[in-house]
Amino acid sequence: VIMYTVKQGNTLEDAKWKFKSDLHTHSIVSGHAYTTLMENIDFCSSEGIKILGSSEHGPHFPGGPHEAYFHNMRIIPRKIKGVTVLRGCELNIMNVQGDVDPGFERFRKVMDYCIASLHELVVAPMSLEENTQAIINAVNRYPEIIILGHTGNPNYPIDQEKIVKLAKEKDIIIEINNSSLGNGSRKGSRSNCQRIAELCMEHGVKVILSTDAHINSEIGRFDRSIMLLDEIEFPEALVMNEPEKLMRYLHERGIATDVD
């Protein structure tokens, strides 16, 4: 079964809201986003989005939250206004050794999941081989990393097949980042994202649609990602956004087992 597609007669207006979870979102705590966690939750509740992953930038990102913020996420109720709230972090890969944000060791047990990303404000782009090895080392060192963030960024070229095979080996997820496919963040990502998606399809690797939303009105809006996957007839079976499928995957990894 292929995606919920425009080819099947659905409009993008229908399609962009199909998938009812979003695990890559930010709030004002990240320092350069514009809505609060509760405003994000309220938006999800009003739009029927079932799972919100709050994944603030790790503490080393300029303007990012202190490690105490992540440690204290344990007090956030699991469900608020009908929305399941997952406790995440977008970790910064710091170097080719795969180090992540200082302090992670002290809050890692609170996290349901982590996204691992390379950011220009944290680490200068390296060679293709070094960028690739940085991701591999981080994933091998930190089992909390279950999503690889915006891997199509042209500023950080990678051995795409090697990273996709890593995801297959570790049974982790590659995100299709809706923000990377527009005219704002990480310009020039689309061709890389398409090739990575094609490799995921070839190797049977899971993907997740994410918005990387920095304001609540963008949460759950996957229009550009759906267009990309629609073009290559990507199988919906490998897309992990459906809430029951996503929670089953997390539970099988021992994550968020206190959530229905």
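You'll find the ring centres of H60 and H119 outside the 6.0 Å limit. For F70 and F104, the gap between ring centers reaches or exceeds 6.0 Å. Under the 6.0 Å cut-off for aromatic ring centres, Y156 and H150 do not qualify, their centroids lying 6.0 Å or more apart.
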- Does the ring pair (Phe, Tyr, Trp, His ring centres under 6.0 Å) test come out yes or no for Y69 and F107, once each step is laid out? CA-CA 9 Å; Y69 172 85; F107 64 81; 9.4 Å; no
- Message: Please determine whether side chain to side chain contact (heavy atoms under 4.5 Å, CB included) holds for the pair V96 and M126, giving the CA-CA distance in whole Å, both sets of side-chain angles, and the decisive distance to 0.1 Å.
- Response: CA-CA 8 Å; V96 72; M126 301 172 284; 4.3 Å; yes
- Message: salt bridge (charged side-chain N to carboxylate O under 4.0 Å, His left out) for E231 and R190? Distances and angles first, verdict last.
- Response: CA-CA 12 Å; E231 286 178 17; R190 195 182 195 283; 3.1 Å; yes
- Message: Applying side chain to side chain contact (heavy atoms under 4.5 Å, CB included) to I173 and L148, what does each step give before you reach the verdict?
- Response: CA-CA 6 Å; I173 305 170; L148 300 181; over 6 Å; no
- Are F43 and T35 close enough, and set up right, to give a side chain to side chain contact (heavy atoms under 4.5 Å, CB included), and what steps lead you there? CA-CA 10 Å; F43 180 81; T35 44; over 6 Å; no
- Task: Report the C-alpha separation of Y142 and E105 in whole Å, then their side-chain angles, then the decisive distance to 0.1 Å, and conclude whether the side chain to side chain contact (heavy atoms under 4.5 Å, CB included) test is met.
- Result: CA-CA 10 Å; Y142 300 105; E105 296 286 348; 3.8 Å; yes
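Atom-to-atom distance recorded for T36:OG1 and N216:CG is 8.0 Å, nearest 0.5 angstrom. One distance of note links CE of M111 with SG of C89; it measures 6.5 Å at 0.5 Å rounding. Atom NE2 of H57 sits about 8.0 Å away from atom OG of S117, to the nearest 0.5 Å. Distance check: N92 CG to I115 CD1 gives 11.5 Å after rounding to the nearest 0.5 Å. From L229, atom CG reaches atom SG of C193 across 10.0 Å, with rounding to the nearest 0.5 Å. How far NE2 of H26 is from CD1 of I219: 10.5 Å, rounded to the nearest 0.5 Å.
For S27, the side chain to side chain contact (heavy atoms under 4.5 Å, CB included) test picks out V29, N40, E56, with sequence neighbours left out.
Between V259 and M247, the closest side-chain pair of non-hydrogen atoms falls below 4.5 Å. Within the 4.5 Å cutoff, the side chain of Y249 has heavy atoms near those of the I146 side chain. P143 has its side chain out of reach of K170: every pair of non-hydrogen atoms, C-beta onward, lies at least 4.5 Å apart. The shortest side-chain heavy-atom distance between I172 and V139 falls under the 4.5 Å cut-off. L246 is listed as a side-chain neighbour of I51, based on a closest heavy-atom distance under 4.5 Å. Contact check for I208 versus F19: no side-chain heavy atoms found under the 4.5 Å cut-off. At least one side-chain heavy atom of H214 sits less than 4.5 Å from a side-chain heavy atom of H32. Residues E161 and H203 have side chains in contact (heavy-atom distance under 4.5 Å, counting atoms from C-beta outward).
Panel note: side chain N178, backbone R224; a donor-acceptor pair is recorded below 3.5 Å. Under a 3.5 Å cut-off, the side chain of N72 and the backbone N or O of I75 do not form any donor-acceptor pair. Between the T25 side chain and the A213 main chain, no donor and acceptor come within less than 3.5 Å of each other. Of the possible polar contacts, none joining the R141 side chain to the I136 backbone as a donor-acceptor pair under 3.5 Å is found. The main-chain N or O of L23 is found under 3.5 Å from a side-chain atom of S55 such that the two form a donor-acceptor pair. Using a distance-only test at 3.5 Å, with no hydrogens or angles considered, no donor-acceptor pair links the side chain of R87 to the main chain of D112. E242 places a side-chain N or O within 3.5 Å of a backbone atom of E244 that can act as its donor or acceptor partner. The backbone N or O of N241 lies less than 3.5 Å from a partner atom in the side chain of S21, making a donor-acceptor pair. Checked by atom type and distance alone, the side chain of D230 never pairs as donor or acceptor with a backbone atom of I226 at under 3.5 Å.
When only modelled atom types and interatomic distance are considered, E129 and T132 share no side-chain donor-acceptor pair under 3.5 Å. For the residue pair Q194/E198, the side-chain donor-acceptor check at 3.5 Å is satisfied. Between N177 and E175, the side chains place a donor N or O and an acceptor N or O closer than 3.5 Å (distance only, hydrogens not considered).
Within a 6.0 Å sphere centred on NZ of K245, other residues, nucleotides and ligands contribute more than 12 heavy atoms.
The shortest non-hydrogen separation linking V122 to P62 is CG2-CD, 4.4 Å. Shown here for P125 and N155, the closest heavy-atom pair between the two residues is CB-O, 3.1 Å. Between T257 and H251, the shortest heavy-atom distance links the atoms CA-CD2, 3.8 Å. The shortest non-hydrogen separation linking E120 to N153 is OE2-ND2, 3.1 Å. Contact detail for T211 and H24: the closest heavy-atom pair is OG1-O, 3.7 Å. Annotation for S30 and P65: closest pair CA-CD, 4.3 Å, computed over non-hydrogen atoms.
Under the 4.5 Å side-chain heavy-atom criterion for Ile, Leu, Val, Met, Phe, Trp and Tyr, I135 and L128 are members of distinct hydrophobic clusters. Tracing side-chain contacts under 4.5 Å through hydrophobic residues (I, L, V, M, F, W, Y), one never reaches V85 starting from I28; they form parts of separate clusters.
Applying the 4.5 Å side-chain rule to ILVMFWY residues, one finds I215 in the same cluster as Y34.
Between R78 and D260, no side-chain nitrogen of the basic residue sits less than 4.0 Å from a carboxylate oxygen of the acidic one, so the salt-bridge criterion is not met. Under a 4.0 Å N-O distance rule, the pair E202/K168 does not qualify as a salt bridge. A salt bridge does not link R221 to D22: none of the charged side-chain nitrogens sits closer than 4.0 Å to a carboxylate oxygen.
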